[in-house]
Each structure stands twice: as C-alpha cells, then as structure tokens.
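Report on the structure given below.
Just so it is clear: chains get the letters A, B, ... in the order the sequence lines come, proteins before strands, and each one is counted from 1. Quick note: numbers below take in every heavy atom, side chains included, and nothing from hydrogens, waters or symmetry partners.
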Amino acid sequence: MSKTNAVTRLAAEVEKAAGTPVELERPADASHGDYATNVALRLAPEARRPPRELAQELADAIASSPRVQRAEVAGPGFVNLWVASEWYRDALAELLDAGAEYGGGWADPRERFQVELVSANPTGPITVASARNGAYGDSVARLLAFAGHEVEREYYYNDSGVQMERFRESVEAVRRGEPPPEDGYHGDYVRELAALDGDPVPPMLERIERSLERFRVHFDSWALQSVLQERIPELLPRLDVYEKDGAVWARSSTYGDDDDRVLIRSGEGGPTYRAADVVYLVDKLERGFDHALYVLGADHHGTRNWYGAIARMLGYDPERVEVLLYQLVHLTRGGEQTKMSKRRGDVVFLDDFVDEVGVDAARWYLVARGHDQTIEIDVDLAREKSEKNPVYYVQYAHARIAGILRNAEGASPGAEPPPELAREERDLVKRLAELPKLVAESTERRAPHAIPTYAIRVADDFHRFYHHHRVLGSGKTEAFRLGLCVAAKSVIARCLDLIGVEAPDRM
RNA sequence: GCGCCCGUAGCUCAGUGGAAGAGCGGCGGCCUUCUAAGCCGUUGGUCGGAGGUUCGAAUCCUCCCGGGCGCGCCA
C-alpha cells in the first residue's frame, strides 16, 4: 500500500513511539476503545520487559496526540485508544475529498493483469457453475482495477476438441431428424441451434456472451485454442520434453507440477489441450501482461501447479502466473442432489437463474461466500431465499441516502464535527474509514467475499444512524450529518460496484 | 491409496495468532416526523475430536473422524 488514510496515520503515531510497524484493530467490544493494538505483547519477549509496562509507556506517549482522546492498557498488554474529534474531522474530510476514489489507486507499481475467466467450452449455455467463475473472477478483476492496475478479461475456448465434435454431431443429428448420439448433448438448446444454418459454435458463443454481459461480466477479448495450437511446433524446442509410449511428454514434474503431462499424443500425433496451454501462456506473457491469472473450478485443482511449471520451464518468473481456485456449486432440488451435466441437459443455466432471482441477488449470492467454500443452491428455494438476500439491505441503505440528498436542496455537506458526537455517528465514520484496508486485503488475498460482508456492516451502521438521528433540519449538526451521508453513499456504491451489483437511488 | 478444499448458533455462512460474530429462523416491542426492504430487545455455540507450539489458538503443526472434488494420450 502506498497511500495513507486516517487509520494508518493514527497507526503511524503509535509506530513512532513503539519503533516498529503497528496495525490497529477495531475491537469487537466497544469498551475496548475505538482502536487497539497488541504491539506491546509482540515487543515484550525481545525487550525482556513485562508487556503491560511497555503498553503503559505507549499509552502515555500516544495520549498526547491531538487525534487521541484517551489511551489505556488492558488485559495482558493491549493498548486501547479512544480517538478525538480531531480524528473524526480528518477521516470524514478525507472521505469527502476522495469521493468515489476513496480506498482505490494504491497499487505501486501499477501493473498489467490479464484475468482469464469462465472459458467454458461452447457446447451449451452458461450454467450457474460457470457463473460462479464469472462472478468471482470478475470481482477480482474489478478489485485489481480499482487498486490502479490495468486489467483485461479474456475468455478462452476450445473450438476443436473431442467434446466440440460431439456437440456439432448432436446438432447435425437433430438437423437430420434423428436424436443426438448417446454421448452427445441433449438439451433443448441443441434443437434451437439445429434450426439455424451452419456451424453451431458461433451462435452458441454469441449466446454465452449475451448471458455474461447481462450478468455484468464483460470480456475484452476471446482466445481460440485452434489458433493458438498452430504455434505448438515453434514452441516445442523451448520445452523440456521426452518421448514415452510413442507420445511426447513435458517433464513438468521437475518444474513444480505434480506429474509429467502429455503434449503430443501417440498414434496420429495430435496436440493435447496441455500443448495449447503452453502456447497460450507464452502468448499471454508476450502480449505484455505482467501477471496472468487463471480462474479455475476446484475440479481442475489437479493441474493447479501445471501453469507455474511451464512458466518456469520456459524461463519466465512463475510468480507472474496465478491460479485462482474456487470450490464448486452444487445444485439440489428439494434436498436431492442433481448431477449437473451439460450433455444430459439437466443443469441450471445462468439465464434461468437470473430470470428467477435477478442479477443483483445472483451476483451477491455467488460472490458472498469464500471461494474455498462449496456453494449449495436448492433450486426450489432459490427465489424464496433471494428475497431475503442481504443485497437488498445494503441497496436500501443506498436508496435511503439518495432520498435524503434529493431532499437536501442545496444544503452542503461538511466534515466539521459538532461538539458532541453521538455513538452512531462515531461508529459510522470508523466503519467508512475501514474501506482502504478492507479493499487492499481483499485484493491481495483475491478474496472479494470480504466486500459484501463489509457492505452489510456499513449498511448496518447507516441504518442505525438513520434511525436515531435526523439529518435534514438538524441545525448545527446538519452539515456534518450530510457529510456522513455523502461518504456512506459513496462507500456503499463502491462496494456494490466491486462485486458487480447496482446501487439504486430508489427502491 | 494419494492430493486439494471444507467442518463455527436450528439453517446458510463471516472470522488466516489477541477479548467468539452476521444474516435467516424463533419469541417480544417500535411508523402523524428525511423510504418500516428499517430500528430495538431476546433466544441460541464443549468453533468436528485428540494432542502439540504460544503469554495467548476457531486461526499454526501432527494424528483421527465426517463431507466435497480430483488423480486420462477429456477439457
């Protein structure tokens, strides 16, 4: 992080006294102060001094800051501190000044990222399972862009493999008036495609793109396996390979992969998907991306080390390659597990899911869980549950604020706190001031699910503030409270945007 | 068998060394005042189990139990 904020500036004051980096936490218990640090506990063993004694020195030193009202030692050696009016002014002024950019633009250095996401074979419409890939990957991309990086999203599809042939044969069969082959594709969409002329792949791709655009996932580019694999002969000499059983193998296990992988098949000698991976990786890195991110479902975790291995084999820094794994989506119907198979056609398509619950609830639902957590969706309960989706709670806070600002009629917001700040006002400022740290951690961990969790907290604090305090016509406190509203609205809108959800002005 | 992920309140889940949480559900209150999709109160947990590291463990390590997903010359 290259930018300071109200919290880090406060931490810096403690650092001066402690002589070591300090992180301030917000205690869960209000009686433990506005902020707390365990730095005395961490320092005590090396200093060979009782932690509470060190903590007392720090508390005394920090208490003299104009931003600090009071500092206390607590428990085994925590320093709890209560911030002063000065700090609230600093924090809110910063929020208002930065506006929509608050918490962003901190990346240093700014780099080029490519996020490859979804990349489902165009053998059928996008399913809810792929939608998680889209929701997760797109949110990571949004976080990186907000940090200040240059980000492009790409969809990579296989237009020439065995499954694509099955898909085309299924459409052809229907065109001849026959049922699709047993191991072919059977969904209704196959019949729809059969009604058109020519190769069914382009219209399928168009439909996929429309679904994803509707889901607010936009692709900057599309990559084709058939084009990439033409360069395989050119790249083969750069690889560490050997022949076995008539096939050509990459010695990937020596470069960090779990196994060696076949690049060129025995027999007719066609290239495998892995061979195209090699070309694609070179292509990505030579197009000037500093980082190539692969968003993959947990069913691909067996190859999570493959991409880094080929980067190493080719002499690239493997740190430039990142595999983001997310756990799968399981669909149930009235408690019964339904197997998802595009071939059988008994899947839930993204478009149907979105028809049912709306884009906002769908995106929120798919990104609000940790990516390491398997998601189970009961198709029968989806609509009922979506009505209780916390996304509406958060959007409602935004709409309420918009309503206040509509009624404000030229009254201008300010950051100057009134002599007495109410608890709800202080809580809201502190909450809003968490955004920079939250966003930075969420970006670095590739964990966008922290955003909705935080957005609920912000809405929570706002709704409470709103309930207890009148904004318009509140006299000397009006400007400050309007300032709070403007800042809260901006933070909520930013959080929602980072996960691809709209922030409505009316509900 | 081996590998990856998960096990926290009735349900769905946050919480990657600091003082156990949210939403939903249940129960009881609050609208002549900027949007009640809201607010307030209450109910509810030996953080799967056992050891270990640490001043301190839901969090780190080891083992065990349970669930998901992989282990193709498919992608």
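In this structure, the nucleotide among U35(B), A14(B), C40(B) sitting nearest to the side chain of His468(A) is C40(B). Here A37(B) is the nucleotide among A37(B), C73(B), C69(B) with the atom lying nearest to any side-chain atom of Met507(A). Here A75(B) is the nucleotide among C39(B), A75(B), C34(B) with the atom lying nearest to any side-chain atom of Asn121(A).
For C6(B), its base never sits under 3.5 Å from the side chain of Gln373(A) at any donor and acceptor pair. For a distance-only test at 3.5 Å, the side chain of Arg445(A) qualifies as a donor-acceptor partner of the base of U16(B). Under 3.5 Å, the side chain of Thr272(A) and the base of C73(B) form no donor-acceptor pair of N or O atoms. The base of A75(B) does not come close enough to the side chain of Asp299(A) for any donor and acceptor atom to sit less than 3.5 Å apart.
At the heavy-atom level, Asn305(A) lies nowhere under 4.0 Å from the strands shown. Ala247(A) comes within 4.0 angstrom of a nucleotide base, judged by non-hydrogen atoms across all strands. Asp258(A) comes within 4.0 angstrom of nothing in the nucleic acid, heavy atoms only. Residue contacts shown for Arg304(A) are limited to sugar-phosphate atoms, with no base heavy atom under 4.0 Å away. Heavy atoms of Arg464(A) sit under 4.0 angstrom from primed sugar atoms or phosphate atoms, though from no base atom. The residue His463(A) sits close only to the backbone: its heavy atoms come under 4.0 Å of sugar-phosphate atoms, none of a base. Base contact: Ser266(A) has a heavy atom under 4.0 Å from a base atom. Nucleic acid contact class of His469(A) (heavy atoms, under 4.0 Å, all strands): base. Residue contacts shown for Asp505(A) include a base, since a base heavy atom lies under 4.0 Å away. Residue Gly297(A) is classed as having no contact, given no heavy-atom separation below 4.0 Å to the nucleic acid. Residue Arg457(A) is in sugar-phosphate contact alone, with no base atom involved, counting any heavy-atom pair closer than 4.0 Å across all strands shown. Tyr396(A) comes within contact range of at least one nucleobase, with a heavy-atom separation under 4.0 Å. Looking at heavy-atom distances under 4.0 Å, Leu41(A) makes contact with a base.
Where stacking is scored as ring centres under 5.5 Å apart with planes under 30°, His449(A) does not register as stacked on the base of A14(B).
Here C64(B) is in the anti range [glycosidic angle more than 90° from 0].
Atom NE2 of His467(A) is separated from atom P of A36(B) by 10 Å (rounded to the nearest Å).
When the C1' atom is used for both A20(B) and U59(B), the distance is 12 Å, rounded to whole Å. Spacing between C63(B) and C5(B) at atom P, rounded to whole Å, works out to 14 Å. For the P atom pair drawn from C24(B) and G38(B), the interatomic distance equals 7 Å after rounding to whole Å.
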Taking Watson-Crick and G-U wobble contacts under 3.5 angstrom, with | marking pairs to another strand and [ ] crossing pairs, the secondary structure of RNA chain B is written ((((((((.[[[[.)..(..]]]]((((((.......))))))....[[[[[..)....]]]]])))))))....

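With a 4.5 Å cut-off on side-chain heavy atoms, Asp427(A) and Glu424(A) do not count as touching. Residues Ser130(A) and Leu350(A) are not in side-chain contact: their nearest non-hydrogen atoms beyond the backbone lie 4.5 Å or more apart. In this structure, the side chains of Gln327(A) and Ile375(A) stay at 4.5 Å or more apart for every pair of heavy atoms.
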